[in-house]
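The block underneath contains the structure these notes are about, expressed in structure tokens.
We name chains A, B, ... by the order of the sequence lines, and we start the count at 1 in each one.
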There are 2 protein chains.
Amino acid sequence: MSTYKIDDVARETGLTKRTIRYYEEIGLMPAPERSDGGTRRYTREHIDHLRRVIDARDVLGFSLQEIQEYLISAQELTGQRELYRQIQDPAEQLGKLREMDVTLDAQLRKLDEKIGKILALKKDLTELQERVRGGIDRLEPKD
Amino acid sequence: MSTYKIDDVARETGLTKRTIRYYEEIGLMPAPERSDGGTRRYTREHIDHLRRVIDARDVLGFSLQEIQEYLISAQELTGQRELYRQIQDPAEQLGKLREMDVTLDAQLRKLDEKIGKILALKKDLTELQERVRGGIDRLEPKD
DNA sequence: TCTAACGTTGACGTTAACGTTAATATGTAG
DNA sequence: CTACATATTAACGTTAACGTCAACGTTAGA
């Protein structure tokens, strides 16, 4: 399994090395394995993970804390399915899943709200553009 | 023309008084008229203006500096409109309108890009939720 | 007219999200 | 094995976006 040094990750993600370590520090990224000397060895999954974080940060304008809530629910099912399987008590499993369901509902509602407001803004701009284009049509030399 | 005190504006917008003064300080809002004693007297336009700022901040996740740029281009548009009316030469009018059309195109593309990425994220979350709900179904006591 | 409620301007405090620097250890090309 | 680029932690610095407090002036109602 090939690994990446922090500088490789920085180049691929566009983040600085400081930011990458910071995201690990605040729990936004799983801590990678270390070499004998203590050097971080990242995998491709770390890079994919960071890509999602960057998207949520830039596109949605989420705070890192909000991103954390989103990632926690994503991790608990996909990445750490093993940990989930170690929960023996089915009742506990069920509780965990229901908790995730509620969290996801909230996140999805947030997204819908955002989309709705952006669409409203888009409608305003589109209407203005239509008026502008009407003006252009009226002024353009017709043949 | 009826005016509003800062506390009224705060209540209507949900911003704090400190934030309102701060937005004026950094040029995010036109400075309102003052009473003889120096008390700020806001108009409805100030409130409408703040609403847009809040939307851009919360919905689009823009930094205050980005909002400033956005507002400037919005102002340019209205400025272009006023300018447009004063133009006598139809050829010049046509040029102005085409300029506005280009500006609007750029803004609309930005919004589309955001919507696209939000929809991608929404798809991810929805799929995750489906898997979670599948797990719940499997664990739930069946009768 | 008096006074309580509200407004004003500094000015310093706070938190998130990193940047920067220093002192030191590690990885690697020759 | 040496040298040099790159890594590590620790700690203090910085910027945006406000919060909070003090000291003081203004407004509005009884």
Side-chain angles (χ1 to χ4, degrees), chain A residues 1-43 46-47 49-72 110, chain B residues 1-44 46-47 49-72:
Chain A
M1 183 183 54
S2 69
T3 61
Y4 303 82
K5 284 177 289 182
I6 195 166
D7 213 32
D8 304 329
V9 178
R11 225 174 303 106
E12 277 210 54
T13 60
L15 299 174
T16 68
K17 293 178 279 184
R18 173 66 174 102
T19 300
I20 294 168
R21 294 198 194 97
Y22 176 66
Y23 282 3
E24 178 189 336
E25 184 187 330
I26 65 173
L28 255 191
M29 202 190 23
E33 302 291 308
R34 302 291 188 111
S35 73
D36 288 352
T39 301
R40 272 167 260 247
R41 299 297 184 174
Y42 298 94
T43 70
H46 286 100
I47 295 178
H49 182 95
L50 280 177
R51 286 241 156 80
R52 288 161 155 261
V53 170
I54 294 168
D55 259 22
R57 187 194 63 177
D58 291 349
V59 177
L60 301 179
F62 281 180
S63 73
L64 297 187
Q65 203 169 19
E66 286 174 311
I67 294 172
Q68 225 167 8
E69 293 167 18
Y70 158 61
L71 287 177
I72 282 168
K110 266 191 176 183
Chain B
M1 184 181 55
S2 70
T3 62
Y4 304 82
K5 286 175 290 182
I6 195 166
D7 215 31
D8 304 328
V9 178
R11 224 175 304 105
E12 277 209 53
T13 60
L15 299 174
T16 69
K17 294 179 278 183
R18 173 69 174 100
T19 300
I20 294 168
R21 293 199 195 96
Y22 176 67
Y23 282 4
E24 179 189 337
E25 184 186 331
I26 65 173
L28 256 191
M29 203 191 21
E33 302 290 308
R34 301 291 188 109
S35 74
D36 288 353
T39 302
R40 271 167 260 248
R41 299 296 185 177
Y42 298 94
T43 70
R44 183 125 296 273
H46 286 99
I47 296 177
H49 183 95
L50 280 177
R51 286 241 155 82
R52 285 200 224 147
V53 170
I54 294 168
D55 260 22
R57 187 193 64 179
D58 292 349
V59 178
L60 301 178
F62 284 177
S63 72
L64 297 187
Q65 201 169 19
E66 285 174 313
I67 293 173
Q68 234 167 4
E69 293 166 18
Y70 167 72
L71 288 177
I72 284 170

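- Among Ile54(A), Val53(A), Thr19(A), the single residue meeting the side chain to side chain contact (heavy atoms under 4.5 Å, CB included) criterion with Thr13(A) is Ile54(A).
- Formation of a donor-acceptor pair under 3.5 Å by the Gln68(B) side chain with backbone atoms of Ile26(B) is found in this model.
- Distance, Lys5(B) NZ to dT27(D) C1': 7 Å, rounded to whole Å.
- Interface residues of residues 12-20 of chain A facing DNA chain D, ordered by number: Lys17(A); criterion, heavy-atom separation under 4.0 Å.
- Side-chain contact check for Tyr22(A) versus Leu64(A): some heavy-atom pair is nearer than 4.5 Å.
- Using a 4.0 Å cut-off on heavy atoms, the residues of residues 28-36 of chain B that approach DNA chain D are Ser35(B), listed by number.
- Shown here for Glu24(B) and Ala31(B), the closest heavy-atom pair between the two residues is OE2-CB, 3.5 Å.
- Between Arg11(B) and Asp8(B) there is a salt bridge, since a side-chain N of the basic residue sits under 4.0 Å from a carboxylate O of the acidic one.
- When side chains are defined from C-beta on, Glu12(B) does not count as touching Leu50(B), because their heavy atoms never get closer than 4.5 Å.
- The environment of Glu66(B) atom CD is dense: over 12 non-hydrogen atoms of other residues, nucleotides or ligands sit within 6.0 angstrom.
- For the pair Arg41(A) and Thr39(B), nearest-nucleotide mapping onto DNA chain C gives the more 5' position to Thr39(B).
- Residues Glu25(B) and Arg21(B) are not in side-chain contact: their nearest non-hydrogen atoms beyond the backbone lie 4.5 Å or more apart.
- Ile6(A) comes within 4.0 angstrom of sugar-phosphate atoms only, judged by non-hydrogen atoms across all strands, and of no base.
- Contacts of Ile26(B) with the nucleic acid, taken as non-hydrogen atoms under 4.0 Å apart, are absent.
- In this structure a side-chain-to-backbone donor-acceptor pair under 3.5 Å is present from His49(B) to Leu28(B).
- Boundaries of the chain B contact region on DNA chain C are dG7(C) to dT9(C), first to last in 5' to 3' order (nucleotide atom under 4.0 Å from a heavy atom).
- When the shell of 6.0 Å around CZ of Arg44(B) is examined, it contains more than 12 heavy atoms from other residues, nucleotides or ligands.
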